[in-house]
Amino acid sequence: MNRYPSRPVVLCLSGHDPSGGAGLQADIEALLAQGCHAAPAITALTVQDTVDVRDFRILDRAWVLAQADAVIGDLPVAAVKLGMLGSLEMVDTVVEIMARLPGVPLVCDPVLRAGGGGALGKDEVGYAIRERLLPLCRIATPNLPEARILAELPDGSADACAEKLLAHCEHLLITGGHGDEREVHNRLYARDGSRHDFTCARLPGSYHGSGCTLASTLAGRLALGEELASAVNSALDYTWRTLRDAEQPGHGQYVPRRLPLDFRS
Ligand SMILES: Nc1ncnc2c1ncn2[C@@H]1O[C@H](COP(=O)(O)OP(=O)(O)O)[C@@H](O)[C@H]1O
Ligand SMILES: Cc1ncc(COP(=O)(O)O)c(N)n1
């Protein structure tokens, strides 16, 4: 029998989106496309479609710990990706989980809103992520509106938000999907003062699951051993292609088409 070598495992602690555009399904699809194995542990259930969020329920701490322990006890976790956490208790639960994974790179997408604007967590969850999780992260990937909430600078520029948030984390990618300029500006900041700007053409329309696709691809690239700035570049490039080829399966936002790059024409 032909046995394949195991792919790097990425533990995903994210919410479930039944429309399949964002959340854990985005993580699974994006990681599969990178040649990684997703271990999806559910933090929250949501009721949402491609238009917006109607409701959500955060899982009990014990259930999330039990899921993470089952994965950690069995599989060699090479990176962790955080999506929707939804509550202060879930932030503490993730801190507890990360204590069991010393040295494993953590990518945090501080999810507070869905693409349609509906809340997926209160601002206090963002402040708790800033205080307790950003210090544990290899990189956090807020969009500019999320960075403004985390930095408590409602009208702050990306640079001003980064200056404040780099007191809490080592690397920060402030994404620019929410602007209205012709180009999307994604800015990678490091605490050592280095900075990379990644600019891409803005595609028409709005997308459900773009941030999830980006953060999980980035976690996968780190799990594969890619160096950080290169991993960010690869993740942005992959995400852009999934948006370029996006589908509109419902009545709302476009959903990224997360195929492996080899399968494209
Ligand atoms: N309209 C767009 N055109 C091109 N790229 C986009 C567009 N919207 C999002 N992206 C890409 O997807 C990434 C994540 O999207 P963004 O909207 O910033 O985050 P989120 O989905 O978390 O709100 C961006 O960094 C950007 O590279
Ligand atoms: C369960 C869940 N997690 C995250 C998002 C954010 O999605 P986006 O990638 O569009 O910011 C979402 N809509 N639902």
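Just the heavy atoms: all of them, side chains too, but no hydrogens, waters or symmetry mates, feed the values below. Residue numbers count from 1 along this sequence. Ligands are counted one by one from 1 in listed order, and the atoms in each one are counted from 1 as well.
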Q: Any idea which atoms of ligand 1 are less than 4.0 Å away from a heavy-atom of L236?
A: 25 (O), 27 (O)

Q: Considering the heavy atoms of G211, write down every atom of ligand 2 situated less than 4.0 Å from one of them.
A: 9 (O)

Q: Using only heavy-atom distances, determine whether the side chains of S157 and D159 contain a donor-acceptor pair under 3.5 Å.
A: no

Q: To the nearest 0.1 Å, how far is atom 15 (O) of ligand 1 from its closest protein heavy atom, and which atom is that?
A: S210 OG, 3.2 Å

Q: Output the list of atoms in ligand 1 that are nearer than 4.0 Å to some heavy atom of W240, sorted by atom number.
A: 4 (C), 5 (N)

Q: Just to be sure I read this right, does ligand 2 sit under 4.0 Å from the backbone of L120, its side chain, both, or neither, counting only heavy atoms?
A: side chain

Q: Tell me whether ligand 2 is touched by Q253 - counting only heavy atoms on the residue side and a distance under 4.0 Å.
A: no

Q: Give the numbers and elements of all ligand 1 atoms closer than 4.0 Å to a heavy atom of A201.
A: 3 (N), 4 (C)

Q: At less than 4.0 angstrom from any non-hydrogen atom of G15, what atoms of ligand 2 do you find?
A: 1 (C)

Q: Within a distance under 4.0 Å of any heavy atom of V184, pick out the atoms of ligand 1 and give their elements.
A: 3 (N), 4 (C), 5 (N), 26 (C)

Q: Which atoms of ligand 2 have any heavy atom of G209 under 4.0 Å away?
A: 8 (P), 9 (O), 10 (O)

Q: Show which atoms of ligand 1 fall inside a sub-4.0 Å distance from at least one heavy-atom site of T239.
A: 12 (O)

Q: Please state whether S210 comes within less than 4.0 angstrom of ligand 2, counting heavy atoms only.
A: yes

Q: Hey, is A22 touching ligand 2 through its side chain, its backbone, both or neither, going by heavy atoms under 4.0 Å?
A: side chain

Q: Taking 4.0 angstrom as the limit and counting only heavy atoms of V111, give me the atoms of ligand 2 inside it, by number and element.
A: 4 (C)

Q: Can you see whether H208 engages D17 through a side-chain donor-acceptor pair at a distance of less than 3.5 angstrom?
A: yes

Q: Can you name the atoms of ligand 2, numbered from 1 with element, that are less than 4.0 Å from a heavy atom of Q48?
A: 1 (C), 2 (C), 12 (C), 13 (N), 14 (N)

Q: Considering only heavy atoms of A114, which atoms of ligand 2 have at least one such atom less than 4.0 Å away?
A: 13 (N)

